[in-house]
Number of protein chains: 2
Amino acid sequence: MGKTLVYPKKESNTANRYKHRATYDLAAIHSIINSSQVLHVSFNPGPSDPFPAILPMIGQMASFDYPSAGIGEPLDCYLHGYVSSRIMNLARASEGDGLPICVAASRVDGLILSLTPNSHSYNYRSAILHGYAKLVTDEAEKLWAMEVITNSVLADRWKHSRIPPDKAEMSSTVILKVKVVDGSGKIRDGGVSDERKDTENAEVTDRVWTGVVPVWETFGQPVPSSSNKVEGVPEYVTSYVASMNAQNRDYAESAVGIPLPKEEKH
Amino acid sequence: MGKTLVYPKKESNTANRYKHRATYDLAAIHSIINSSQVLHVSFNPGPSDPFPAILPMIGQMASFDYPSAGIGEPLDCYLHGYVSSRIMNLARASEGDGLPICVAASRVDGLILSLTPNSHSYNYRSAILHGYAKLVTDEAEKLWAMEVITNSVLADRWKHSRIPPDKAEMSSTVILKVKVVDGSGKIRDGGVSDERKDTENAEVTDRVWTGVVPVWETFGQPVPSSSNKVEGVPEYVTSYVASMNAQNRDYAESAVGIPLPKEEKH
C-alpha cells in the first residue's frame, strides 16, 4: 500500500537549488539510471592526481539476492568494464567498504525557450548515486549481472546471442557492484516560466517567441552487418526499437504539459 | 598547413583500452564537448566527504581573448551555474590555480549487436577534460560567455530574447572558466566486430542476428507556450530544429559504415 522508500538526505546529496524539482525516491532515481544508455562514473585516481576522473560506463540497478525486487526497493548498481581498466584496478586494490564513487545519469527531454536567457532551461531527468564499489567475485552473480546489463542495451538480447561467455570472455570482463549510500534525482517538466517584469512587458512579449522544443532519443532502422546470416530483423529487435521510440517521444511530448499543435499529435 | 594540436598524454588522460579509438586532438575533443547538451562535471566536495560529486551542467569551449579561435585551437571551457551552488562556492573559495575538476561528455550513436555479449558495443563519441575552474569576474567576459552558452542551446537564441540580463540576473548567474590541463576523447564507429571462433561457427551465425541500430537525438516540433504572443514559430528556431535533426541522423547512419536498407536511405 504505497510505502515509498527514499534515500537519506545528507549534505552530499541534498539539493539547495530548485528544491521542488528534487526527489529522493528510490523508484524515480533507479528508473532514471536504468533507462540511461550511458552512466558517468566518477572516482579519485589517487593522492598524486588532483583531478577526479570520469568514465562513461554501462550499468543497471538490480538485486542479485532479491531478484524480484521492484524498481523502488533497495538495489545495487552493477557496472560493466574491462579487467585492467584503472577503475577496476582501484576497486580491486581498495580496502574496507570499497572504492568511493559517484554515478550520474542525465537525459534532456526538451528545450525551454523563455523570454530571458536566465529563465531558459531544459526539461530533464537527472540522478546521482554515491556508493562503494567492489568487484563481483561470485561467478553466478557476475554472469547474472552480465545478462542484466546486456538486456538493458536491447531487451532479450542475451538469450538471442551466443551464450554463455567462455572462460576468456568471463575473465576479460569485470563487473563492479556499487553498494549505494545515498542518491538523489532532479526532474524538470512543464512549460516556460518567466518573471512578471517580463511577461507584463508588451515590448518583450510581442517580440520574443516562447515555447518548448521536445527532445528525445530515436532508434533508427536496424542495419544488418555484412556478415549477418539471419534473414530479416528479428521481432524482439524491431519491437524494442518501436517501443523505445514511442516511449521516448511520448515522454518528451507529455513533459511539455501544454497541448501540441494538431498536426503533430500522435 | 594542417598542423593539428593535441593535448599532452599523461597518466590521467591516456587510454589503456581500445587505444585505436582514442584521440588527443583538440578539434575532435572540443567538438564533442560543444555538441553535447549536457556536460557531467566532477569535483571533490572536501576532505570530510569520501565521494566525488557529479553535476550535470551546460557549457561550451571558447576563447574570450581570441574570439576567432577555431575549434582545434586552445580554448577554455565555460560552465553555467547558480551563484550559491556547491561547485561555485568551492571554486570561489579555491586558492592558487582554482578548483580541480573533470568535465565529461558522451553521445551514443548506435547499438552494436554482435554474436557474443562480449563483443556488443556502442558507436559513441566521448570526451573528458581536466582543468582548474575559477569564477569569471570580468563582466564583459561573463556576458560574452552567457551569450555563447545560450546560443549553444539554440543557435541565435540570445539576440532573439530579452537582453541584456538585468543586475539581479547577472548576479544570480555565475560562469566558471576552466583552464584545461589535459583532455582525451574516444570515438567508436563502424559495424559489428566478432572473433573468428564465432564467425566461423555456423551453429552461431545461422541463429544470431548481427547488425547496428543507429541512435540519434531528435528535436520535435516546437510547441508555443500558452503565454506566447508571437505568431508562428520563428525561422531561426525551425531551421535549427531541422538542421540538428538532419545532422544527428546523418552522423548516426554514416557511423554504421555499411549500406542502409534502401527504403530507409535519405
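Residue numbering restarts at 1 for every chain, and letters A, B, ... go by the order of the sequence lines.
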Proximity breakdown for B/Ala252 and chain A, heavy-atom pairs closer than 4.5 Å: neither
Option in B/Ser85, B/Ser84, B/Ser225, B/Pro164 with maximal non-hydrogen atom pairs under 4.5 Å from chain A: B/Ser225
Heavy-atom contact with chain B under 4.5 Å, split by part of A/Ser172: side chain
Interface residue of largest heavy-atom contact number with chain A, from B/Asn228, B/Val237, B/Thr205, B/Val204, under 4.5 Å: B/Asn228
Check against side-chain contact (heavy atoms from CB on, under 4.5 Å), B/Val215 and A/Glu217: CA-CA 7 Å; B/Val215 175; A/Glu217 202 147 52; 3.5 Å; yes
Contacting moiety of A/Leu113, where chain B heavy atoms sit under 4.5 Å: both
Polar side-chain atom of A/Asn118 near backbone of B/Glu169 as donor-acceptor pair, under 3.5 Å: yes
Pairing residues for A/Arg157 by the side chain to side chain donor-acceptor pair (under 3.5 Å) criterion, not counting sequence neighbours: A/Tyr236, B/His120
Part of residues 147-154 of chain B lying next to chain A, heavy-atom separation under 4.5 Å: B/Thr150, B/Val153, B/Leu154
Selection from A/His80, A/Gln37, A/Lys186, A/His160 maximising heavy-atom pairs under 4.5 Å formed with chain B: A/Gln37
Max heavy-atom pair count under 4.5 Å with chain B, selected residue of A/Gly131, A/Ser227, A/Gly110, A/Ala53: A/Gly131
Which portion of A/Pro50 sits near chain B, non-hydrogen atoms under 4.5 angstrom: both
Between B/Asp49, B/Asn44, B/Leu99, B/Thr173, the one whose heavy-atom pairs under 4.5 Å with chain A are most numerous: B/Asn44
Residues forming a side-chain contact (heavy atoms from CB on, under 4.5 Å) with B/Val38, sequence neighbours excluded: A/Ser106, A/Val108, A/Tyr122, B/His40, B/Pro56
Name of the residue among B/Thr210, B/Val213, B/Val212 meeting side-chain contact (heavy atoms from CB on, under 4.5 Å) with A/Pro222: B/Val213
A/Phe43 ring center near B/Phe51 ring center (under 6.0 Å): no
Part of B/Ile54 within contact of chain A (heavy atom distance under 4.5 Å): both
From OG (A/Ser42) to CG (B/Leu55), nearest 0.5 Å: 11.0 Å
B/Arg207, part contacting chain A, at a heavy-atom distance under 4.5 Å: both
Contacts of residues 191-202 of chain B with chain A (heavy atom under 4.5 Å): B/Val192, B/Lys197, B/Asp198
Between A/Ile128, A/Asn13, A/Val241, A/Ile101, the one whose heavy-atom pairs under 4.5 Å with chain B are most numerous: A/Ile101
Residue selection (most heavy-atom pairs with chain B, distance under 4.5 Å) from A/Thr116, A/Val230, A/Thr218: A/Thr218
Leading residue by heavy atom contact count with chain A [cutoff under 4.5 Å; candidates B/Tyr82, B/Trp209, B/Phe219]: B/Trp209
Proximity breakdown for B/Val233 and chain A, heavy-atom pairs closer than 4.5 Å: both
Chain B contacts, top residue of A/Lys10, A/His130, A/Met146 (heavy-atom pairs, under 4.5 Å): A/His130
B/Met244, part contacting chain A, at a heavy-atom distance under 4.5 Å: neither
Most chain B-contacting option - heavy-atom pairs closer than 4.5 Å, from A/Ser126, A/Pro100, A/Gly46: A/Pro100
Leading residue by heavy atom contact count with chain A [cutoff under 4.5 Å; candidates B/Ala105, B/Ser114, B/Pro45]: B/Ser114
CD (A/Glu231) with more than 12 external heavy atoms under 6.0 Å: no
